[in-house]
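Report on the structure given below.
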Amino acid sequence: MGEVGKGTPEDWQARLEQLAPELIEELCVKKEPDKGLKPLEKAECGNVVMRFAPNPNGPPTLGSTRGIIVNSEYVKKYDGKFILRFDDTDTQTKRPMLEAYDWYIEDCNWLGAKPDEIVIASDRVPLYYEHARTLIEGGHAYVCFCESETFKKLKDAKEACPHRDISPQENLEQWDKMLSGGYPEKSAVLRIKTDIKHKDPALRDFGAFRILKMPHPRPEVGDKYVVWPLLDFEGAIEDHVLGMTHIIRGKDLMDSEKRQTYIYKYLGWDYPVTTHWGRVKMHEFGKFSTSGLRCAIEEGRYNGWDDPRLPTVRAIRRRGIQPEAVRKFMIDMGVGETDISISLDTLYAENRKLVEPKANRYFFVWDPVELEITGANPCIANPPLHPTENRGCREIDVNSKILVCKEDVEKLATGSKIRLKDLYNVEVTSMEPLQVHYLDDSIASAKKDKMRIVHWAPVDGIPVKVLSPDGEFTGIGEKRIATELDKVVQFERFGFCRIDSVGEEVVAYYTHK
RNA sequence: GCUCCGAUAGUGUAGCACGGCCAAUCAUGCAGGACUCUCACUCCUGCGACUCGGGUUCGAAUCCCGAUCGGAGCACCA
């Protein structure tokens, strides 16, 4: 051993060649970093079933896309099955929103994550009752009439409540009475027996069903049921019945798995492979709660669920973010247990790569100021639609007046020379009123004199309104913008925008710089 | 109070299961420069991290212990 530390690398190589030449090749193989998502534990191609299970109590947000994209991406990778399941069994606190069901389906499709199957929990309540009955019969569940406060105290003291040891027969009767509406709201819950002395208080006898007399918002369900399952129960049953092999969910649900394991044990089922991820916060968006947002929208502080200031999928879609960019962004983020706080810059950079070659260029002048040109004949300007992709030119008639941005004018003084982009060079002859005199067409002389290059718009252009997260911009743009409905364009020296509507005026949604 | 989890550049991420390929990957960001009739794109160059302290070992980002910081659960919410 002592001699190992001595000698040069060359000596070592020579020694190794003598001793074990086969090792050399092995050492030369560099570990390849894995691209994309890490492999799933115990996953067999063709047998993977995963799900995204939201409560449709509001529209999908950028946060939801992580669950949609990563789950569906894994399923694609293993040629499995992707299920969209609506966990909509709370008619009260997180009451489902009727429109949101379709929004989720729509947004999944848009993101390239079309579900292979769609399941709505509120349609399957009898299934949950059935398993609840089995558990009661087996003595693994009981109807508890404690007030929540009382139960909490007992639980914290590791003490069983008086209802815990009632016989299955009696429990069954009480359960039936519960189902038929024989008890008032909040007077009874069905609990799953775990271990009342478990060292972790979160795992001691947890609730599985409660009485909720508020009807379900879905008309096909309405007031059919008064007993509704809680998430841990509903999810546990569904995940097994639907054949889930792998689950990825929030770290906050870690104890959920431990609780659900009791149910699985009682029913003789195997628990799916579970992974957890941390919370994602976006720098650009403050804290939004679905209920808070709803109020704000109703009060008119936002224009709707697709207001460009909101982190909803509908909003970013309207802004011209491409689904592929969101996918790449979320997949690159991977599945980590750390809580993260990310910036949308990375998403924008991803999107820019996608949109840059496609977007036609146009002039849009915000805060327009009229500028009079002397000494030039009327002409037609021909700026290219794209600087590198050979896609032809736009045509803009230029007479004696054009519009330029106020912020550009503020940098001028009598005598300044500027280049009107893709047009010609001028010199300012008067500031009030703003007048310029034609100099020449040569780009070379513009460069030689280091003139500022300023974009402009025709006075008879089309009014344009840009809605952005930072507010509204209004001005005038080239008429041809009206032909780009639903496309992403680049307003030169401004940024990328998606043309949202075209009429008397063009409305554009700001994408990013 | 009880219980669980995590920590790599400004931000995210790879590497950690099995310690030497790590003088630590990639992306984004930032700074400087080239190109350009846009502040976009492209291309160069640069900046920047293993939370801390012990231990094991010839060798630790990787294993062990402790501390610190951060997050979460203990609902008749999801």
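Chain letters run A, B, ... following the sequence lines, proteins first and then strands; every chain starts at 1.
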Problem - side-chain contact (heavy atoms from CB on, under 4.5 Å) assessment of A/Leu37 paired with A/Val70 - result: CA-CA 8 Å; A/Leu37 293 171; A/Val70 171; 4.2 Å; yes
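A heavy atom lying under 4.0 Å from RNA chain B marks the following residues of residues 380-388 of chain A, by number: A/Pro387.
Here the side chains of A/Gln322 and A/Val355 are in contact, with some heavy-atom distance below 4.5 Å.
Between A/Lys258 and B/C4, a side-chain N or O to OP1/OP2 separation shorter than 4.0 Å is absent. Taking 4.0 angstrom as the limit, A/Lys353 places a side-chain polar atom (N or O) nearer than this to OP1 or OP2 of B/U28. Taking side-chain N and O atoms only, A/Arg352 has no distance below 4.0 Å to OP1 or OP2 of B/A40. Phosphate contact (OP1/OP2 of B/A14, side-chain N/O of A/Lys38, threshold under 4.0 Å): present.
One interatomic measurement links the two molecules: CD of A/Gln490 to C1' of B/C41, which rounds to 8 Å at whole-angstrom precision.
In this structure, of B/C37, B/A27, B/C5, it is B/A27 that holds the atom nearest to the side chain of A/Glu350.
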Completion exercise
A correct 5'-to-3' footprint of nucleotides 70-78 of chain B, with B, S and - meaning base, sugar-phosphate only and no protein heavy atom under 4.0 Å, is -SSBBSBBB
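When heavy atoms are screened at a 4.0 angstrom cut-off, A/Glu337 is found touching the sugar-phosphate backbone but no base atom. A/Ile443 comes within contact range of at least one nucleobase, with a heavy-atom separation under 4.0 Å.
The two residues A/Val335 and A/Arg66 have their closest heavy-atom pair at CA-NH2, 4.1 Å. Across A/Tyr104 and A/Gly58, no two heavy atoms sit closer than the pair CE1-O, 3.4 Å.
Note on ring orientation: taking the six-membered ring where Trp is involved, the planes of A/Trp175 and A/Phe209 are perpendicular (angle over 60°, cut-offs 30° and 60°).
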Problem - Dot-bracket line, read 5' to 3' along RNA chain B, where crossing pairs take [ ] and | marks a partner on another strand, Watson-Crick or G-U under 3.5 Å - result: (((((((..(((.......[.....)))((((((.......))))))...(((((..]....))))))))))))....
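Nucleotide B/A17 carries a syn base; the chi torsion (O4'-C1'-N9-C4 or O4'-C1'-N1-C2) is within 90° of 0.
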